[in-house]
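Here's the structure, in structure tokens; my notes come after.
All chains are named by letter (A, B, ...) in the order of the sequence lines, taking the proteins before the strands, and each is independently numbered beginning at 1.
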Amino acid sequence: MSEKEWQGQSTDKKEGKDMAVLAKPINRITVIKKQESSNFVREFNDNKVTKEFLDSCKKAGRLFGKEK
Amino acid sequence: MSLEQAYQDFSSEMKRFNAGNSYKNFNDFLVEKEAITYKDDGNGVTYVVWNVVYDDFQQEISREIVGYYTLAATAIPYEDRIRLDEEESKELGKEFDIEICGISAIEIKMFAVDERYQDVFFEYEGEDLPISAWIIRSIIDFANSLLNNVLGFKALFLHSLPNAENFYISNGFNPMEVNMQPLHSVDSDYKAMYLALKEVKMNYDE
């Protein structure tokens, strides 16, 4: 397990929505049936992340140094 | 630093983690050390995000826990078809057979930000975003580097709480339709979402 270190100081707080953004695990299984599969895969491919967004994510990667 | 080391060296700070009173399960996951059992059972590896303050000599003065996230392997199963060879086709009386496939993915099983940082914005290299956005984008960058250098997979996947769906959409994720729920994802309270990193090739349409 590694830790990410955020090197910097925050700016002033701004008004915003609650940012306790959370995800949780669920444990049941469903298989996407063939009729929906082709639609889903088509949509999946159309929504492939852009290079520009990945470049923005690289910036975030630089922001968080790795603690040894 | 391992998770165990973090609990040992920064026990008081780890116990301070608090995403808010409405998120006891997420608080307990870290505070009560459930993250260690989770990792030992092979259910997910937890990464802690710290805000560390250094003096002019690069010596650590203080640190605060900003948030954490937990990653695990998963797959999005779907049906595709394969063309049978001539002999098999004649024997079975059909041209194609159904094949269950999976879109390999990394699931963000847990993601929580301490309430001290929930409304904090940070400007970096010309971009001003909430801390939570910087963290989720760093996860995406980490995943992208893994799939290019360590092991192959095609997507990130998670279940979003209702009040976080727009946040994930703003950070590259897409909602899955009700009839397209993937592995580990059937729960009407939480929205299954994915971020496609690579394309999927399907035989079915051919």
Do [X] and [Y] come within less than 4.5 Å of each other through their side chains, counting heavy atoms only?
X	Y	result
B:N144	A:V49	no
B:K198	A:K48	no
A:R62	B:E125	yes

Partners meeting side chain to side chain donor-acceptor pair (under 3.5 Å) with B:K94 (sequence neighbours left out)
B:D97
Could you measure the distance from the [atom1] atom of [X] to the [atom2] atom of [Y]? Nearest 0.5 Å is fine.
X	Y	atom1	atom2	result
A:L63	B:L129	CG	CG	10.0 Å
A:C57	B:N171	SG	CG	7.5 Å
A:R42	B:E199	CZ	CD	13.0 Å

Ranking A:V41, A:L54, A:T50, A:N47 by heavy-atom pairs under 4.5 Å to chain B gives rank one to A:N47
Minimum heavy-atom distance between B:S138 and A:A60, given as atom pair plus value:
N-CB, 3.5 Å
Under the side-chain contact (heavy atoms from CB on, under 4.5 Å) criterion, do A:F64 and B:D141 qualify, and how do the steps go?
CA-CA 11 Å; A:F64 293 95; B:D141 180 59; over 6 Å; no
Return yes when atom CG of B:D41 has more than 12 non-hydrogen atoms of other residues, nucleotides or ligands closer than 6.0 Å, and no otherwise.
yes
Would the number of heavy atoms belonging to other residues, nucleotides or ligands and lying under 6.0 Å from NZ of B:K15 be above 12?
no
Contact part of B:L197 toward chain A, heavy-atom cut-off under 4.5 Å: side chain, backbone, both or neither?
both
Can you say whether B:I139 sits under 4.5 Å from chain A via the side chain, the backbone, both, or neither, judging by heavy atoms?
neither
Between A:N45 (side chain only) and B:V200 (backbone N and O only), is there a donor and an acceptor less than 3.5 Å apart?
yes
Partners passing ring pair (Phe, Tyr, Trp, His ring centres under 6.0 Å) against B:Y194 (at least two apart in sequence or in another chain)
A:F40, A:F44
